[in-house]
Amino acid sequence: MKYHYKLLIALFLGLNIQLLSSQNEINPWAIEIGANAVDVYPIGENAPHGDYFDEFFNLNDHWNFGAYIAVTRNLTSRLSLTAKGSVNEISKWGDFGKADESILVDNLKYYGLDAMVSFKVLKDTKLKPFIAIGGGYTWIEEGLYNTFSNNKGIDNLVGAGTVNGAIGVKYDITDQFGLNLQTTYKHAFKDYLTKHWQHSLGVTFNLGKREKEETSENDALDTDGDGIIDAYDLCPKVYGKKIFAGCPDTDGDGVPDSIDKCPNTKSPGSGCPQKEIQTTQTTNKPTQTITNTITSKVIYFNSNSSALGTEAKSILNEIVNISKKGKQYKIQIDAHTDNAGGNQFNSNLSHDRAENVKQYLVSKQLSSSNISVNSYGETRPVSSNNTNIGKTLNRRAEITIRVSHLIK
């Protein structure tokens, strides 16, 4: 068994070195190492097995301990894909219930290779419960209660595919390290491989280099008292909002003064007044004038989040009011991210942001068919991603509203 542990550690180090060498920035990859426990007792079979969940936490009599490594790729803010390899030795096969003593077998070798898709129940929290489903392949050495081949007395490994279901919880200790506790039920496709439970507890390590930020004694200063230290405040001498990187929105048009070309005039888009586009249509009725007004708004998001904050919902409520005042309306949503993550991760994140904005507008009785969405990921920044301030401005959704007014 010691040999297998050495192989596992070597594989972990090899994966760690390879993945770390391929990363240049924060990205959605993570690697995990920990202990696992295989339990073949509470599986709903006849003795020496027991009913489902019978003595489920009887570590002393039924749990067989081993080790595992896993690699995880976050697909979206909620979905992730994990590949796991585990090794073990099974010495406890159950009991007959008379003396309540474990039925012992001769340290049967156990190997498992599994892949599972996980769904986080909660986002943007340190404690993240999840559910998972997937499959894999498991090998268990034949023994006294699981001998099925014709070569009895020989150490045969018997393998079969399994379908797996799991529940668990992850806890982020820091941005880089965390813990993962998981319970998995593995149902074999073949009768000759026993069903079993596999419990695991491991340490996760988020891969990728973090940006090094210069620090000094002045970093702790907050000159304008807006809760954002001067080192990260785009407007360090003027009280502003966190969602605008410390800048105010003097005219209240949803465009922060830092990028508002007309900060004292309430207007959409660049912050300056836009001309109304007027068209005249002639019908059998008296001449009618249809005025098309184009309005633009911008909302911002927290890092790696698609959740709508209070400020964003306030701006969206204004968009609802603008749209409902016209005869007709069309809304276009263009969502973006900063560059903290891989291209596909950011593409998925911007898609989630755009969809969340659309669903909020639909929940306010705007028509889904009048709303179009685009997700650009990190490809269209409005500011440099080399600073936290720039990234704040890039985590945005730009919303353009075209409203038609009929003038009799």
Side-chain angles (χ1 to χ4, degrees), residues 19-30 73-74 76-77 124 172 174-177 205-249 254-261 263 269-271 296-307 309 311-312 334-354 374-398:
L19 290 171
L20 279 174
S21 63
S22 66
Q23 308 303 318
N24 296 317
E25 58 183 19
I26 303 173
N27 68 81
W29 286 97
R73 176 66 159 83
N74 292 317
T76 69
S77 57
D124 306 323
D172 294 332
T174 67
D175 288 340
Q176 197 168 21
F177 291 97
F205 175 69
N206 297 319
L207 300 177
K209 299 177 181 179
R210 299 282 176 174
E211 294 180 345
K212 294 182 179 180
E213 298 178 354
E214 297 295 330
T215 59
S216 67
E217 294 181 357
N218 293 329
D219 283 349
L221 293 178
D222 181 14
T223 303
D224 54 17
D226 58 7
I228 305 173
I229 61 176
D230 291 355
Y232 306 124
D233 196 329
L234 195 59
C235 303
K237 296 182 179 181
V238 182
Y239 187 92
K241 298 180 179 180
K242 182 178 180 181
I243 196 169
F244 294 145
C247 283
D249 178 15
V255 182
D257 291 357
S258 56
I259 58 175
D260 195 334
K261 296 179 180 179
S270 63
S296 297
K297 297 287 184 181
V298 181
I299 63 173
Y300 297 89
F301 297 86
N302 289 328
S303 180
N304 293 329
S305 173
S306 59
E311 189 77 24
D334 298 326
H336 309 266
T337 71
D338 58 27
N339 69 342
N343 292 336
Q344 188 59 51
F345 177 80
N346 284 329
S347 177
N348 293 335
L349 179 58
S350 64
H351 175 268
D352 290 346
R353 287 172 175 173
N374 296 307
S375 52
Y376 295 104
E378 62 184 83
T379 62
R380 297 188 178 185
V382 294
S383 184
S384 171
N385 278 306
N386 294 329
T387 66
N388 285 340
I389 295 169
K391 287 183 175 181
T392 298
L393 296 175
N394 290 332
R395 297 192 295 265
R396 72 199 190 281
E398 300 169 347

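Along the sequence shown, residues are numbered consecutively beginning with 1.
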**Message:** Looking at every heavy atom in both N304 and F345, which two are closest together, and how far apart are they?
**Reply:**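 That closest heavy-atom pairing would be OD1-CE2, 3.6 Å.
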Say whether, by atom type as modelled, one donor and one acceptor occur between the side chain of [X] and the main chain of [Y] under 3.5 angstrom.
X: R353; Y: S305; value: yes
X: R396; Y: N394; value: yes
X: S350; Y: N346; value: yes
X: R395; Y: F301; value: yes
X: S306; Y: L349; value: no

Say you draw a straight line from [atom1] of [X] to [atom2] of [Y]; how long is it, rounded to the nearest 0.5 Å?
X: R380; Y: S375; atom1: CZ; atom2: OG; result: 10.5 Å
X: T387; Y: L393; atom1: OG1; atom2: CG; result: 8.0 Å
X: N74; Y: N348; atom1: CG; atom2: CG; result: 10.5 Å

Checklist entry - Looking just at side-chain N and O atoms, do D334 and N374 make a donor-acceptor pair shorter than 3.5 Å? => result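 There is such a pair (donor and acceptor under 3.5 Å, judged by atom type) between the side chains of D334 and N374.
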Give me the ring orientation class for F205 and F177: parallel if the planes are under 30° apart, tilted from 30 to 60°, perpendicular past 60°. tilted
### Note, H336 side chain near V382 side chain (heavy atom, < 4.5 Å)
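No, every pair of side-chain atoms sits at 4.5 Å or beyond.
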